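I have placed the structure first, in the form of structure tokens, so that the comments after it can refer back to it.
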Amino acid sequence: MATSSLQAIRGMNDVLPADTGVWRYIEQSLGDILLAYGYREIRTPVVEKTELFKRSIGEVTDIVEKEMYTFDDRNGDNLALRPEGTASCVRAVLQSGLINQGVQRLWYAGAMFRRERPQKGRYRQFHQIGSEVFGLSGPDIDAEMIMMTNRFWQKLGIENVRLHINSLGNLESRSRYREALVTYLERHIGKLDNDSRRRLHTNPLRILDSKHPDVRVVVESAPCLTEYLDESSRQHFQGLCDRLDAVGISYVLDDKLVRGLDYYSDTVFEWTTDSLGAQGTVCAGGRYDGLVSQLGGQPMPAVGFALGIERLTEMLPDIQAERSPHIYFVGVGDAVQVALYRLSERLRSDIPGLRMIVNCGGGSFKSQFKKADKSGATVALVLGERELHEHNIVVKFLRRDAPQEMVSYDQLAGRMTEILNIRERPKVVASDAEVCNNRQASV
RNA sequence: GUGGGUGUAGCUCAGCUGGUAGAGCACUGGAUUGUGGCUCCGGAUGUCGAGGGUUCGAGUCCCUUCACUCACCCCA
């Protein structure tokens with residue numbers, strides 16, 4: 001790789017044709033499940049005012065302090081590439097008034113940006129699929145989301161993931177706990193590493209999931225978050241556990257699980273794996289009942305989660321979606337070139353869903369057949385001078401030991417349909433409204 | 001931001017104590033002048049990541065820098 005100047009930005013990757021199939025497979029599979037649970041898609045801009053993220057994620061989090069891509073717009077606004085999806089989603093829902101139109105089950109997918117040092121499973125531009133629900137305060141919706149994510153893994157065939165759950169309690173109990181924790185940690189300050197000391201007064205809960213061995217020992221006997229929960233938080237959390245038990249989803253109660261973003265309260269959860277090295281979190285989320293009002297709306301309960309697509313792609317076996325062409329159309333000789341396109345275009349019209357590569361750039365029979373083989377096509381159609389005169393086409397099987405056939409122009413589409421067993425993809429419905437209309441029409 | 005490892009052909013890599021590049025795969029042409037996959041024969045390909053230094057001479061040694069990668073950190 002000698003070209004140095006025209007490279008992609010560090011930590012921002014191309015997804016090449018060999019991999020786009022996996023991406024599509026993930027996006028489509030998860031999109032289907034979200035649709036099945038009644039979640040609707042929302043799309044928001046990649047750029048927002050920096051202020052939005054400061055007020056939601058938290059001023060003293062690492063994301064806001066040192067990982068955001070920010071810049072001044074020409075009018076003086078300070079803007080940022082979004083480091084996560086929740087803040088934008090809340091903003092959009094407030095701005096549009098959707099928040100006042102009853103319960104909203106929403107999902108989004110898109111690129112997020114954090115300026116971190118790249119490593120396995122962590123990139124500066126990465127892609128998340130996430131979901132946010134507004135207007136429900138009970139543990140039922142928390143459970144629903146976890147059930148839905150559980151279904152993601154089933155659908156994708158991912159088995160080596162574990163669910164961790166915890167409750168952070170409401171704002172009051174959390175700040176009481178925070179005080180107790182700080183008091184405790186200050187007594188053991190000698191054993192804390194620099195990072196933990198720095199956090200002691202900015203984001204002390206994060207010290208709980210430190211990987212530093214000495215710090216872990218200190219944390220072992222720290223005050224327990226669970227003991228500070230009030231009755232309603234306890235009941236909420238118990239309600240979640242009961243529902244997970246009921247559907248047979250196993251989980252680890254992890255009282256050291258806190259999340260890095262400030263806005264979480266009560267339920268937090270995390271799906272992790274040990275097959276991804278240091279970046280083991282595949283999907284994470286939780287409840288954030290305070291965020292909507294924090295951003296200027298009426299108080300409104302909310303839950304959400306996000307998952308990292310790159311991390312999923314690395315956990316998936318090579319599921320090469322069947323995308324090879326059905327037909328490679330070989331055409332040799334100047335005289336056949338016009339007829340070649342008359343036939344191939346007619347064939348495309350006659351067989352919806354047909355995947356066909358028409359040879360371009362000329363070449364001998366031999367070289368065209370080599371390309372046909374390499375394309376992975378099931379059959380080669382052959383049009384040469386001879387076929388042109390006799391008004392027929394040679395059908396040659398590339399993957400099966402069968403004699404080649406001679407077919408007339410008029411029989412071609414019929415014979416190809418027999419051979420290739422093509423299923424047309426179901427039509428995508430444009431909008432929810434259209435679904436309703438269709439339903440009424442068919443009643 | 002901090003540490004470790006690695007940068008040689010499109011890909012995977014070899015290149016001993018310094019003597020100015022090689023293999024396999026892939027690509028391409030032919031054997032087979034209208035038929036791919038197997039076999040055989042031939043061909044093209046490199047600013048040896050970049051810049052500087054030491055040396056008669058640097059892929060090889062030294063410095064700087066960039067990128068990739070893993071871990072810390074962070075988090076999806």
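Please read all numbers here as calculations on a predicted model, not as lab measurements. Lettering follows sequence order; numbering is per chain, from 1.
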Quantified in whole Å, what is the [atom1] atom distance between nucleotide [N] and nucleotide [M]?
N: rG36(B); M: rU28(B); atom1: P; answer: 14 Å
N: rU45(B); M: rC38(B); atom1: C1'; answer: 26 Å
N: rG52(B); M: rG46(B); atom1: C1'; answer: 22 Å
N: rA58(B); M: rU47(B); atom1: C1'; answer: 15 Å
N: rU8(B); M: rU69(B); atom1: P; answer: 14 Å
N: rG18(B); M: rG53(B); atom1: C1'; answer: 15 Å
N: rC16(B); M: rU60(B); atom1: P; answer: 11 Å
N: rU35(B); M: rG29(B); atom1: P; answer: 15 Å

With a non-hydrogen cut-off below 4.0 angstrom, is [X] in contact with a base, only sugar-phosphate, or nothing?
X: Lys374(A); answer: sugar-phosphate
X: Lys370(A); answer: sugar-phosphate
X: Glu314(A); answer: nothing
X: Gly121(A); answer: base
X: Glu310(A); answer: nothing
X: Ala372(A); answer: nothing
X: Arg259(A); answer: sugar-phosphate
X: Val282(A); answer: sugar-phosphate
X: Glu84(A); answer: nothing
X: Ile129(A); answer: nothing
X: Gly11(A); answer: sugar-phosphate

Examine [N]: is either OP1 or OP2 under 4.0 Å from a nitrogen or oxygen in the side chain of [X]? Give yes or no.
X: Lys366(A); N: rG30(B); result: no
X: Arg10(A); N: rC68(B); result: yes
X: Gln119(A); N: rU69(B); result: no

Side chain of [X], heavy atoms from C-beta onward: which of [options] has the nearest atom to it?
X: Ala284(A); options: rU35(B), rC72(B), rA76(B); value: rA76(B)
X: Phe365(A); options: rG34(B), rG1(B), rG36(B); value: rG34(B)
X: Phe126(A); options: rC70(B), rA76(B), rG1(B); value: rA76(B)
X: Gln7(A); options: rA67(B), rG36(B), rG1(B); value: rA67(B)

Rounded distance (Å) that lies between atom [atom2] of [N] and atom [atom1] of [X]:
X: Asn392(A); N: rG34(B); atom1: CG; atom2: P; result: 18 Å
X: Ile63(A); N: rA76(B); atom1: CD1; atom2: P; result: 6 Å
X: Arg399(A); N: rG36(B); atom1: CZ; atom2: C1'; result: 8 Å
X: Lys371(A); N: rA26(B); atom1: NZ; atom2: P; result: 17 Å
X: Trp23(A); N: rA76(B); atom1: CH2; atom2: C1'; result: 12 Å
X: His164(A); N: rA76(B); atom1: NE2; atom2: P; result: 15 Å
X: His212(A); N: rC73(B); atom1: NE2; atom2: P; result: 9 Å
X: Phe329(A); N: rU35(B); atom1: CZ; atom2: P; result: 18 Å

Report the base-pairing partner of [N] (Watson-Crick or G-U wobble, both distances below 3.5 angstrom), or none.
N: rA58(B); value: none
N: rG36(B); value: none
N: rC72(B); value: rG1(B)
N: rA44(B); value: none
N: rA21(B); value: none
N: rU6(B); value: rA67(B)

Legend entry - Side-chain donor/acceptor of Arg178(A) to backbone N/O of Leu205(A), under 3.5 Å: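 No.
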Legend entry - Arg162(A) atom CZ, neighbour heavy-atom count above 12 within 6.0 Å: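 No, CZ of Arg162(A) has 12 or fewer neighbouring heavy atoms, counting only those of other groups under 6.0 Å.
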Inset, instruction - Assess whether atom NZ of Lys49(A) is packed by more than 12 heavy atoms of other residues, nucleotides or ligands within 6.0 Å. - result: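 Not buried by this count: 12 neighbours or fewer within 6.0 Å.
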Inset, instruction - Could you grab the distance from atom OG1 of Thr61(A) to atom NZ of Lys66(A), nearest 0.5 Å is fine? - result: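 Going from the OG1 atom of Thr61(A) to the NZ atom of Lys66(A) covers 10.0 Å.
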Legend entry - Atom pair CG (Leu381(A)) and CD (Glu405(A)), whose distance is rounded to the nearest 0.5 Å: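 These two atoms lie 10.5 Å from each other.
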Any N or O donor-acceptor pair linking the side chain of [X] to the base of [N] at under 3.5 Å?
X: Asp373(A); N: rG36(B); result: yes
X: Gln368(A); N: rG34(B); result: no
X: Arg122(A); N: rC73(B); result: yes

Legend entry - Closest-nucleotide ordering on RNA chain B, the 5'-leading residue of Ala306(A) and Lys211(A):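 Comparing both residues, the 5'-ward one is Lys211(A).
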Legend entry - 5' precedence on RNA chain B between Cys283(A) and Val382(A) (nearest-nucleotide basis):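 Nearer the 5' end of the strand: Val382(A).
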Legend entry - Lys/Arg-Asp/Glu bridge criterion (N-O < 4.0 Å) met for Arg399(A), Asp373(A):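 A salt bridge links Arg399(A) with Asp373(A).
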Legend entry - Residues Glu345(A) and Arg348(A) bridged, charged N to O under 4.0 Å: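 The answer is yes: the pair qualifies as a salt bridge.
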Legend entry - Side-chain donor-acceptor pair present, Asp195(A), His212(A), cut-off under 3.5 Å: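 Looking only at side-chain atoms, His212(A) and Asp195(A) do not form any donor-acceptor pair under 3.5 Å.
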Inset, instruction - Apply the side chain to side chain donor-acceptor pair (under 3.5 Å) test between Thr86(A) and each candidate in Gln128(A), Glu132(A), Arg91(A); give the one that qualifies. - result: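 When Gln128(A), Glu132(A), Arg91(A) are each tested with Thr86(A), the side chain to side chain donor-acceptor pair (under 3.5 Å) holds only for Glu132(A).
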Inset, instruction - Give a yes/no verdict on base stacking between rG36(B) and Phe369(A): centres under 5.5 Å, planes within less than 30° of parallel. - result: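 Answer is no, no stack.
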